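Presented below is the structure to which this report refers.
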There are 2 protein chains.
Amino acid sequence: MKMLVADDDRDLRELIGFTLTQAGYLVVKAGDGPAALRMFEAESPDLVVLDINMPGASGFQVCEAIRKRSRVPVIMLTVRGEEEDLVRALELGADDYLTKPFSPRTLLARIKALLRRAGMENSAPLAAGRVTLDIDEHTVRIGTAQPVRLTKLELRLLQMLLANAGHTVSTDRLLIQVWGHRNSADRQLLKQLVHRLRQKIEVDPATPQLLQTASGAGYKLVVE
Amino acid sequence: MKMLVADDDRDLRELIGFTLTQAGYLVVKAGDGPAALRMFEAESPDLVVLDINMPGASGFQVCEAIRKRSRVPVIMLTVRGEEEDLVRALELGADDYLTKPFSPRTLLARIKALLRRAGMENSAPLAAGRVTLDIDEHTVRIGTAQPVRLTKLELRLLQMLLANAGHTVSTDRLLIQVWGHRNSADRQLLKQLVHRLRQKIEVDPATPQLLQTASGAGYKLVVE
DNA sequence: CCTGATTGTCACCGTTTTATAACCGATCAG
DNA sequence: CTGATCGGTTATAAAACGGTGACAATCAGG
């Protein structure tokens, strides 16, 4: 598990690096925004710890750039008393934040929670009702039918719906979980993805039995 | 999703309560430490917003008592410049904190992040009397009847009435909470919305039993 | 570099939802 | 009595939404 730590404060960077290394993670570091982006490209870490206040490019810009190409978990660091920054960070797609000062223990707890949530620790085969999802193989099986291959996005969408099987998941949440941003203008993407997924998993895609629309609310996976 | 707000500052308490109610959460309030603990016992909220400085029992004691029996997310409120309090609060098991003053938007962002972290973002249905509102599904159920689909605005209106079940809510407040503005010319919108909602939830829409008019004042949801 | 698969973008359709307007009856003050 | 206001109702226009097909851009594997 590789992690990128980006902070211009050398001491803090080293402290975080040490903490993570001790915990058994591989760590790469960057001291400013551009470096962080280069490192991100070069190392493709599994998680990013990102300070908001950095020379070169602010944490916002880095976060935005990362979100453009990846859904990797991002934890933002901020100094106390800049709550407005936090709101912006979370809206830009950051997954969590920490306010300085924080204890190494807190940092580790947050990181573990985040990894758990991102499902990077357990790749348990998800199933509900007649739907069985094999994440490693990128396939679904409906009932006893032949498994169907899914694309990356289709898999993510179905994974989210499956995790909340029987309950409606709002379009906003799906947008965040699948693409990593909440630009509500991007409804079209979801429309298309749902359409394509239905072609694959529904007996009659025109009258969905599994992936149903909750008009005005979102979509839900129906299980008996 | 039920939330407990404990703060001795009445104005702030109401402000927070209003913010959370508007966001669709059910809110219970307490003005001091002992009351907070009683409410916690009686209502078993899903999240607690806790001021550190309160008469009766300090926020610390309340937090500690809560942590003894529950892992419910706790957000502490503190005034700026009392950093040592924060450290203590976090060590006592608080999950997050906010420094006064803060914006409602910030509070909401934090709460959502916290709920996400705790994996509790699925809200339980909101209910009063025979009316059960499922916010995720955008549906109401009256008694044991078939659930009825609601539109976005109908849902918001009913949510507000339900949050104040048994009490009249003024037209002005409804306008603000549903549409976000108080242009008194827009009373027509409310008239329409009430009409449409009655068609959906009343047995005989011409003689409303549930969504009754308080002439000259507003509307109220009658529950037995 | 080429090729097929995947993903993003656009345009269009029919339906649902929301906004706007007009009309009706009841009530009440002048 | 008259005119104004209020709440309810009906009708209609405007906007938003969801579904679909076509096609362009991008990505991944050979």
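What you see is a predicted model; the values in this text were computed from it and never measured. First the proteins, then the strands, lettered A, B, ... as listed; each starts at 1.
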If you compare every side-chain N and O of [X] against the phosphate oxygens of [N] (OP1, OP2), does one of them come in below 4.0 Å?
{"X": "Tyr219(B)", "N": "dC6(D)", "value": "no"}
{"X": "Trp179(B)", "N": "dT18(C)", "value": "no"}
{"X": "Arg198(B)", "N": "dT9(D)", "value": "no"}
{"X": "Arg187(A)", "N": "dA16(D)", "value": "no"}
{"X": "Ser215(A)", "N": "dG18(D)", "value": "no"}
{"X": "His195(B)", "N": "dG8(D)", "value": "no"}

May I have the distance from [X] (atom [atom1]) to [N] (atom [atom2]), rounded to whole angstrom?
{"X": "Leu157(A)", "N": "dG8(C)", "atom1": "CG", "atom2": "P", "result": "12 Å"}
{"X": "Arg156(B)", "N": "dT18(C)", "atom1": "CZ", "atom2": "C1'", "result": "12 Å"}
{"X": "Glu154(A)", "N": "dG8(C)", "atom1": "CD", "atom2": "P", "result": "11 Å"}
{"X": "Asp186(A)", "N": "dT7(C)", "atom1": "CG", "atom2": "C1'", "result": "12 Å"}
{"X": "Leu197(A)", "N": "dT7(C)", "atom1": "CG", "atom2": "P", "result": "11 Å"}
{"X": "Leu190(B)", "N": "dT5(D)", "atom1": "CG", "atom2": "P", "result": "19 Å"}
{"X": "Gln212(A)", "N": "dG19(D)", "atom1": "CD", "atom2": "P", "result": "11 Å"}
{"X": "His138(A)", "N": "dA28(D)", "atom1": "NE2", "atom2": "C1'", "result": "13 Å"}

Show your reasoning for whether side-chain hydrogen bond (donor to acceptor under 3.5 Å, both in side chains) applies to Arg198(A) and Thr213(A). CA-CA 11 Å; Arg198(A) 276 178 177 155; Thr213(A) 303; 2.8 Å; yes
Which one of Ile111(B), Ile16(B), Leu107(B) satisfies the side chain to side chain contact (heavy atoms under 4.5 Å, CB included) criterion with Leu98(B)?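 One option only clears the test, and that one is Leu107(B).
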Quick check: on DNA chain C, is the nucleotide nearest Leu193(B) upstream (toward 5') of the one nearest Arg149(A), or the reverse? Name the residue that is more 5'.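 Looking at DNA chain C, the more 5' nearest nucleotide goes with Arg149(A).
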Whichever of Leu189(B) and Leu150(A) has its nearest DNA chain C nucleotide further upstream toward 5':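 Its nearest nucleotide being more 5', the pick is Leu150(A).
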Side chain to side chain, Leu211(A) and Glu202(A), heavy atoms closer than 4.5 Å: yes
Do Thr171(A) and Arg187(A) meet the criterion of a side-chain donor-acceptor pair at a distance under 3.5 Å? yes
Using a strict cut-off of less than 4.0 Å between a Lys/Arg side-chain nitrogen and an Asp/Glu carboxylate oxygen, indicate whether [X] and [Y] qualify as a salt bridge.
{"X": "Arg196(A)", "Y": "Glu154(A)", "value": "no"}
{"X": "Glu137(A)", "Y": "Arg149(A)", "value": "no"}
{"X": "Asp96(B)", "Y": "Arg110(B)", "value": "yes"}

For the CE atom of Met76(A) and the OG1 atom of Thr78(A), what is their distance to the nearest 0.5 Å? 8.5 Å
Which of these nucleotides, dC17(D), dA19(C), dT7(C), is closest to any side-chain atom of Lys152(B)? dC17(D)
In B/S/- notation (B base, S sugar-phosphate only, - none; protein heavy atoms under 4.0 Å), nucleotides 22-30 of chain C written 5' to 3' is B--------
Is there a donor and acceptor pair closer than 3.5 Å between the side chain of Arg196(B) and the base of dG8(D)? no
